[in-house]
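Numbers for residues simply follow the sequence, beginning at 1. Please read these numbers as outputs of a predicted model, since none were measured by experiment. Just follow the structure's listing: the first ligand is 1, and inside any ligand the first atom is 1.
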Amino acid sequence: MEVEIKNEYLRQLYQRVEKRDPDQPEFLQAVGEVLQSLAPVADRRPDLVDCGVFDRIVEPERLIQFRVPWVDDCGKVQVDRGFRVQFNSAIGPYKGGLRFHPSVNASIIKFLGFEQTFKNSLTGLPMGGGKGGSDFDPKGKSDAEVMRFCQSFMTELAKHIGPDTDVPAGDIGVGAREIGYLFGQYKRLQNCFSGVLTGKGLTYGGSLGRTQATGYGLLYFLREMLDAMKGEDIAGKRIVISGSGNVAIYACEKAQQLGAKVVAMSDSAGYIYDEHGIDLEAVKQIKEVERGRIKLYADRVPGSRYVEGCRNIWTLPCDIALPCATQNELDVDSAKALIANGVLAVCEGANMPSTPEAAQALQQAGVLFAPGKASNAGGVSVSGLEMSQNSMRYAWTFEEVDQKLEEIMKGIFHAAYQAAEQYGAPGDLIAGANIAGFLKVAESMKAQGIAY
Ligand code: NDP
């Protein structure tokens with residue numbers, strides 16, 4: 001899609017970014033979307049232009065790339081590529097997850113780190129933006145192989161992170177098992193038990209509610225958005241959720257608790273459709289316990305069916321769509337199918353799951369649209385709360401954490417909603433989230449001088 005930036009200075013900046021990294025499409029997509037939103041800010045705030053905040057914010061403070069050698073179960077040496085982008089530390093230590101997936105490259109890590117900067121700002125907690133990962137594919141690997149990979153990955157990463165410097169967490173392909181191995185290796189190398197990672201197990205410093213946080217937070221955001229913008233409630237709504245990983249499972253759980261009917265979920269191979277409403281225990285058994293494919297669900301749950309290929313999930317009629325798998329999974333054709341079926345709201349659980357064309361089509365059709373950097377911020381919010389608990393050497397109850405999460409998600413919705421109004425784009429939560437997230441980071445960068 002043509003990036004239309006209604007401010008000459010930002011347009012030229014985008015052209016420079018494009019010229020510098022022409023082979024990074026995901027990064028350019030994320031930067032283009034944010035700069036589009038920031039045009040009215042650049043118009044009104046020449047002081048931020050003068051101190052180069054816009055130019056600085058699109059360039060990571062540091063990008064680390066490293067070799068990750070490890071030995072597989074057959075005794076063969078394997079070499080993967082590791083990354084950590086330390087994007088912005090204006091408001092706190094770098095913070096953001098690690099992704100293990102064969103598609104990982106510098107473009108994907110930079111887009112995720114860039115988005116994370118604004119997301120973390122929106123939470124109101126003192127966290128800068130970072131992201132990392134590897135093109136290692138944990139699928140089909142034994143526990144011992146995953147452990148050896150994690151140990152090798154951390155042997156290099158440990159040189160660059162720390163509880164007051166950079167605090168990674170999980171993302172696609174990095175769950176409790178991987179965080180445990182990574183934490184163990186960091187502790188062994190540094191001889192120091194610290195809160196250097198979040199998403200830790202409950203027996204060694206993890207926070208109650210972190211596993212559920214992104215999915216639950218997504219539903220808290222959705223509830224607030226539906227109520228404030230349409231006077232509607234979640235109860236009784238038909239929901240389609242893509243993915244069947246951490247975010248998707250706990251989005252489904254909270255949606256069901258709030259009285260909605262979730263009729264479909266997916267993985268990268270296909271989707272399941274269950275008119276009676278998804279049996280979440282069956283999904284958890286397959287995905288969390290057996291690490292199996294979603295296809296198994298149709299074999300086990302009578303009345304459900306499996307459809308090969310995940311993209312067509314958006315052709316299923318629903319009131320609410322929650323894309324919770326990966327970037328650019330919801331394209332303009334999917335958006336048109338959702339609109340034709342009368343969708344009321346699309347709330348992003350994954351990072352940048354909608355293409356820019358899809359997001360625009362949905363907004364133009366009057367569909368409520370929540371961008372991931374606002375609506376999926378629950379995960380990093382509870383990661384922030386995990387950091388606080390580790391610093392205090394204390395643990396809150398599940399209810400305490402969940403209540404704080406709900407307040408944070410409501411706060412994010414209202415911050416985005418108000419910023420959209422103040423900057424002449426009422427109801428546009430993409431613009432609002434970008435502006436509200438940007439302003440706090442920008443003021444901090446200005447106040448701290450041209451250090452980075
Ligand atoms: P998981 O690894 O737990 O699950 C990922 C799910 O998405 C799986 O069902 C997976 O299917 C599917 N998926 C992954 N890649 C693709 C692809 N290329 N095409 C289609 N489906 C795919 O990850 P999470 O649930 O943690 O993360 C999902 C999304 O949410 C990501 O965008 C992540 O960045 C974002 N997110 C996660 C947070 C968290 O706290 N975990 C916080 C905020 C955002 P398969 O098993 O077949 O690969």
Can a salt bridge be assigned to the pair [X] and [Y] using a cut-off of 4.0 Å between side-chain N and carboxylate O?
X    : Y    : answer
K76  : E145 : no
K131 : E115 : no
K254 : E406 : no

If you measure from each heavy atom of K139 to ligand 1, is any distance below 4.0 Å? yes
Is G170 close enough to touch ligand 1? Criterion: a residue heavy atom under 4.0 Å from a ligand atom. no
Nearest candidate to [atom], where distance is taken over non-hydrogen atoms, out of [options]:
atom                    : options                : result
atom 2 (O) of ligand 1  : G173, A377, A350, G245 : G173
atom 8 (C) of ligand 1  : G292, G379, S244       : S244
atom 20 (C) of ligand 1 : A269, G378, S268       : S268

Which of the ligand 1 atoms, numbered from 1, are nearer than 4.0 Å to a heavy atom of [X]:
X    : result
R99  : 31 (C), 32 (O), 33 (C), 34 (O)
H101 : 15 (N)
G243 : 9 (O)
C324 : 28 (C), 29 (C)
G349 : 30 (O), 35 (C), 44 (C)
R293 : 45 (P), 46 (O), 47 (O)

With heavy atoms under 4.0 Å as the rule, classify the contact between V247 and ligand 1 as side chain, backbone, both or neither.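 The part of V247 near ligand 1 is both the backbone and the side chain.
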Structural part of R210 in contact with ligand 1, heavy atom criterion under 4.0 angstrom: side chain
Checking K141 against F136: charged group under 6.0 Å from the ring centre and within 45 degrees of the axis? yes
Mark yes or no: K110 above the aromatic ring of F27, with NZ or CZ under 6.0 Å from the six-membered ring centre and no more than 45 degrees from the axis. yes
Would you say the side chains of D331 and S334 form a donor-acceptor pair under 3.5 Å? yes
Yes or no on ring pair (Phe, Tyr, Trp, His ring centres under 6.0 Å) for Y186 and F193, after CA distance, side-chain angles and deciding distance? CA-CA 9 Å; Y186 182 87; F193 194 109; over 10 Å; no
Where do Y306 and Y273 land on the ring pair (Phe, Tyr, Trp, His ring centres under 6.0 Å) test, with the steps shown first? CA-CA 6 Å; Y306 173 73; Y273 174 73; over 10 Å; no
Looking only at protein heavy atoms, which one is nearest to [atom], and what is the separation?
atom                    : answer
atom 3 (O) of ligand 1  : N246 N, 2.9 Å
atom 34 (O) of ligand 1 : D171 OD1, 2.6 Å
atom 13 (N) of ligand 1 : A325 CB, 4.0 Å
atom 27 (O) of ligand 1 : I172 CG1, 3.7 Å
atom 16 (C) of ligand 1 : T326 CG2, 3.6 Å
atom 42 (C) of ligand 1 : T214 OG1, 3.3 Å

For the side chain of K230 and the backbone of M225, is there at least one donor-acceptor N/O pair under 3.5 Å apart?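 No, because the side chain of K230 does not come within donor-acceptor range (under 3.5 Å) of the backbone of M225.
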Would E290 and Q285 count as a side chain to side chain donor-acceptor pair (under 3.5 Å) if you check the C-alpha gap in whole Å, the side-chain angles of each, and the deciding distance to 0.1 Å? CA-CA 6 Å; E290 300 170 26; Q285 173 65 28; 2.9 Å; yes
Could an N or O of ligand 1 be found under 3.5 Å from any N or O of N351, whether backbone or side chain?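 Yes; the residue has a nitrogen or oxygen that sits under 3.5 Å from a nitrogen or oxygen of the ligand.
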For residues S244 and S266, determine if any side-chain heavy atom of one lies less than 4.5 Å from a side-chain heavy atom of the other.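 They are not in contact (no side-chain heavy atoms under 4.5 Å apart), so the answer is no.
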For residues F66 and F83, establish whether the separation of their ring centroids is below 6.0 Å. no
